Novice: 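Following this message is one structure expressed as structure tokens.
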2 protein chains.
Amino acid sequence: MTAAHDMLFRTLADPTRRAIFERLCRQGEQTVGALTAEAGVSQPAVSKHLGLLKEAGLVRDRHEGRQTHYSAQLGALAPLMDWTREMAGFWESRFDDLEDLLKRMDQ
Amino acid sequence: MTAAHDMLFRTLADPTRRAIFERLCRQGEQTVGALTAEAGVSQPAVSKHLGLLKEAGLVRDRHEGRQTHYSAQLGALAPLMDWTREMAGFWESRFDDLEDLLKRMDQ
DNA sequence: TCAATCAATAGCCAACGGGTTATTGATTGG
DNA sequence: CCAATCAATAACCCGTTGGCTATTGATTGA
């Protein structure tokens with residue numbers, strides 16, 4: 001439960017890694033070479049990041065000859081959206097409670 | 001721009017720290033002592049986490065006598081929601097492009 | 001006033017994470 | 001078939017981070 005959030009937050013916390021993911025979101029499927037050209041770090045570093053993104057379910061890979069194509073898996077962001085909404089929800093419900101209280105005090 | 005996302009993701013990536021924030025969301029304002037009782041780590045550790053959460057704008061503190069009360073600042077989650085939505089948006093727009101392409105090919 | 005309580009800070013340490021270069025494995029083109 | 005290209009893995013380094021204990025500062029209650 002919280003372990004999934006862990007992986008998501010931790011995976012997206014690194015700027016280099018998040019930039020790779022963003023690029024895949026914006027521009028669709030990319031090869032490791034193409035990603036490396038823009039990443040500002042070495043190819044092994046990019047591969048490592050892609051490995052972690054894949055473990056987190058944020059990307060898919062597709063092998064074609066000697067190159068590997070990666071693409072974003074947007075569905076993996078759902079738990080993150082849910083979590084954020086949940087936190088906001090708690091806040092609102094506490095606010096509603098306060099409103100109720102004030103209303104009752106008003107009478 | 002991305003620096004704000006950095007701070008948010010990085011701050012929420014640690015499970016102990018995120019648990020503290022979740023607790024503040026669920027149950028509202030809490031003292032450091034109350035948070036420490038549940039956190040499973042020492043009071044200094046909790047204080048350090050609260051310091052980082054505060055730096056990230058995720059919590060506010062209020063001093064009352066010798067105790068400090070912390071509360072969640074939900075507004076700080078907005079960039080996170082926006083980012084997630086943006087990523088999802090890129091995905092959809094690429095999907096729309098594909099649909100358009102297929103439609104045009106169909107004619 | 002003095003002891004006790006609460007939270008923050010200091011100082012330290014071990015583990016982890018992200019980077020590098022070097023290498024391997026697999027695939028392709030000449 | 002051999003050289004070159006692409007991506008993954010190995011081995012290592014170093015900075016960061018999260019934890020701890022000890023201490024300090026401030027506030028309270030007796």
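Below, all heavy atoms of this structure are taken into account, side chains as well, without hydrogens, waters or symmetry copies. Because the structure is a prediction, the values reported are computed rather than measured. Order of the sequence lines fixes the chain letters, A, B, ..., with proteins taken first and strands second; residue numbering starts at 1 for each chain.
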Novice: Give the C-alpha distance, both sets of side-chain angles, the deciding distance and a yes or no for side-chain contact (heavy atoms from CB on, under 4.5 Å) between B:Thr36 and B:Thr31.
Specialist: CA-CA 9 Å; B:Thr36 299; B:Thr31 67; over 6 Å; no
Novice: Going by the salt bridge (Lys or Arg N to Asp or Glu O under 4.0 Å) test, which pairs reach into residues 70-80 of chain B, not counting sequence neighbours?
Specialist: none
Novice: Kindly list each side-chain donor-acceptor pair under 3.5 angstrom involving residues 37-54 of chain A, sequence neighbours excluded, with atom names and distances?
Specialist:
| residue | atom | partner | partner atom | Å |
| --- | --- | --- | --- | --- |
| A:Ser42 | OG | A:Ala45 | N | 3.4 |
| A:Gln43 | NE2 | A:Ser47 | OG | 3.1 |
| A:His49 | ND1 | A:Arg17 | NH1 | 3.2 |
| A:Lys54 | NZ | A:Asp61 | OD1 | 3.4 |
| A:Lys54 | NZ | A:Asp61 | OD2 | 3.1 |

Novice: What orientation do B:Trp83 and A:Phe21 show, parallel under 30°, tilted 30 to 60°, or perpendicular over 60°?
Specialist: tilted
Novice: Under 4.0 Å, heavy atoms only, any strand: does B:Gln67 hit a base, just the sugar-phosphate, or nothing?
Specialist: sugar-phosphate
Novice: Which ones in residues 14-21 of chain A lie close to DNA chain C, meaning a heavy atom under 4.0 Å from one of its atoms?
Specialist: A:Asp14, A:Thr16, A:Arg17
Novice: With nearest nucleotide decided by heavy atoms, which residue, B:Arg66 or A:Pro44, maps closer to the 5′ end of DNA chain C?
Specialist: B:Arg66
Novice: If a pair satisfies salt bridge (Lys or Arg N to Asp or Glu O under 4.0 Å) and one of its residues is in residues 62-80 of chain A, list it, with sequence neighbours excluded.
Specialist: A:Glu29-A:Arg62, A:Arg62-A:Glu64
Novice: Look at the side-chain N and O atoms of A:Ser42 and state whether any lies under 4.0 Å from the OP1 or OP2 oxygen of C:dT20.
Specialist: yes
Novice: Other residues, nucleotides and ligands only: do more than 12 of their heavy atoms fall within 6.0 Å of CZ on A:Arg23?
Specialist: yes
Novice: For DNA chain D, what residues of residues 45-62 of chain A have any heavy atom nearer than 4.0 Å?
Specialist: A:Ser47
Novice: Could you pick out which residue, B:Thr31 or A:Gln43, lies toward the 5' side of DNA chain C when each is mapped onto its nearest nucleotide?
Specialist: B:Thr31
Novice: Give a yes or no on whether a salt bridge exists between A:Asp14 and B:Arg10, defined as a side-chain N under 4.0 angstrom from a carboxylate O.
Specialist: no
Novice: Evaluate B:Leu24 against B:Leu74 for side-chain contact (heavy atoms from CB on, under 4.5 Å), listing each step before the verdict.
Specialist: CA-CA 10 Å; B:Leu24 289 173; B:Leu74 265 293; over 6 Å; no
Novice: Taking all heavy atoms of B:Ala76 and all of B:Gly57, pick out the closest pair and write down the distance.
Specialist: CB-O, 3.2 Å
Novice: Using chain A heavy atoms and a threshold of under 4.0 Å, write down where along DNA chain D the contacts begin and end, 5' to 3'.
Specialist: D:dA4 to D:dT9
Novice: Measure CZ/B:Arg10 against P/C:dG17 and give the value in whole Å, please.
Specialist: 15 Å
